[in-house]
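The block underneath contains the structure these notes are about, expressed in structure tokens.
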Amino acid sequence: MPPACRASLATERLPRTGIGPEAALADVFSRVAPYAMQCGHPRFWAWVQGCGFPLAALGDLVAACLNAHLAGFDHAPAVVEQTTLGWLGQLMGFPPDASGVFCSSGSMANLLGLVVARHHLKPARPVLYASAEIHGWAPKALNVLGLPSAALRLIPVKDDFTLDTQALRAAIRTDRDNGQTPFCIIGTAGTVNTGAIDPLDELAAIAAEQQLWFHVDGAFGALARLHPDLAPLLSGMEKAGSLAFDLHKWGSMPFACATLLVRDSAAHHAAFASNPTYMASETRGPLAGGVPFASRGIDLSRGFDSLKVWIALRAFGVDHFASIIRRNVEDSRRFAAAVQAHPDFELLAPAPLNIVCFRYTRPDTDLDAFNRELLLRLQESGIALISSTVIGGRFALRLANVNHRSSPADFSLLLETLARLAGQQTGDWPPHPAVDARARLHSFQSDCPD
Ligand SMILES: Cc1ncc(COP(=O)(O)O)c(C=O)c1O
């Protein structure tokens, strides 16, 4: 973002009188859109941010134009929302009478899942379990639930970054011996760092045997179930008491579009239902059937988030999205193999799904600092956007691929560019002409097939 643009946006005065719709919209296209993060670019692979689907964006526009209120009510949008939830439940292997709700984010969907679990089991001295690789939504959720952070037992992971079930069993035993009340096991279907999939079948069995709630955070990974080749990786997920996943990640939907499914619909309803006099359910009129979606989460006023999903699925079919996911996994595995084959890079973790963690290894200097600088140079080049994490204490470059616009050439260009930028950093290789980042960003639209 040019400094002048940033300054003009940041210091914009409260408009007492308007400049008119044309000028206001023109400003969006000249000052905001060109400097948004461009997650629609074919070489955007950062932070598991979905890349957006134009038809689904149109769905959002239509939803906004209808401005339908989705607390429930007896109108067609509520039927569409329920039908779409039913489709998602079916795709995830949940029973037809399972409950569900659309919500703003995976963090929210996971939080709501834990609220249902705790409300249902009412543990006296609650403790719950997840792998040490769990995403940062969990400590926030504990805070909201009024639980101390120590109530979440972080179970060590094995070499492949999946939860060690022996350690889990031992932790549950110790907690019971100490008078704690274990109530929930959280399995992750695709960890944020590496895409590792916890042994979900085994976790489901332990939860059943110990009479604990089994919640699965499938923020992005759950969507791999859409493709029959990948579904076996997630075996056991369908046994969860609750499952959270984001269609705004691997479902290509625009933000915000996350889902919580709950196997026991009565437990779901009991956790959130309220019956205010001003919204009492009727047998006729708009309140016929009440406000079921408001009774499955926190929000009363809710937008028509399912419309974009409904439109996209009807227009292209599930198989289209499944094939994107399959291709993303194939491309990521190929990229991981290219990293492994490259003399100057190394993989820092297995890449079972669509996340690849790696680093440049050539210099003898501080590799963490070197790779951090390499990442920033890549980001500033405008050629590709990836992000980073820390794996086993080592700074890692991290590619998270949910991009339906990337071609194999894009991945080759990423590795070539990293090698070139790293060479410039070490001074080994002749410097390349500077890349005009803004020109790259402005031109990306012509790169995009849709
Ligand atoms: C495994 C996992 N869980 C939860 C989340 C949080 O989802 P959201 O960003 O939609 O809140 C993420 C985000 O990347 C994630 O990767």
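Indexing begins at 1, ligand by ligand and atom by atom, following the structure's order. Please read these numbers as outputs of a predicted model, since none were measured by experiment. Numbering starts at 1 and runs along the sequence shown.
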| query | Closest approach of His75 and His69, non-hydrogen atoms and distance? | reply | NE2-O, 3.3 Å
| Residue pairs, two or more places apart or on separate chains, that pass ring-ring contact (aromatic ring centres under 6.0 Å, His included) and touch residues 231-261 | His248-Phe255
Could you give the N/O to N/O pairs under 3.5 Å linking ligand 1 and the protein, each with its distance?
| residue | atom | partner | partner atom | Å |
| --- | --- | --- | --- | --- |
| ligand 1 | 3 (N) | Asp217 | OD1 | 3.2 |
| ligand 1 | 3 (N) | Asp217 | OD2 | 2.7 |
| ligand 1 | 7 (O) | Asp246 | OD2 | 3.4 |
| ligand 1 | 7 (O) | Lys249 | NZ | 3.1 |
| ligand 1 | 9 (O) | Lys249 | NZ | 3.0 |
| ligand 1 | 10 (O) | Gly106 | N | 2.7 |
| ligand 1 | 10 (O) | Asp246 | OD2 | 2.6 |
| ligand 1 | 10 (O) | His248 | NE2 | 3.0 |
| ligand 1 | 10 (O) | Lys249 | NZ | 3.0 |
| ligand 1 | 11 (O) | Gly106 | N | 3.4 |
| ligand 1 | 11 (O) | Ser107 | N | 2.9 |
| ligand 1 | 11 (O) | Ser107 | OG | 2.6 |

| task | Sequence neighbours left out, what passes salt bridge (charged side-chain N to carboxylate O under 4.0 Å, His left out) with Asp319? Give chain and number order. | result | none
| task | Kindly state whether the ring of His119 and the ring of Phe272 have centres lying under 6.0 angstrom apart. | result | no
| said: Determine whether a donor-acceptor pair (N or O, by modelled atom type, separation under 3.5 Å) exists between the side chain of Asn403 and the backbone of Phe44. | reply: yes
Only pairs under 3.5 Å count here: list side-chain donor-acceptor contacts from residues 139-151, not counting sequence neighbours, and write none if there are none.
none

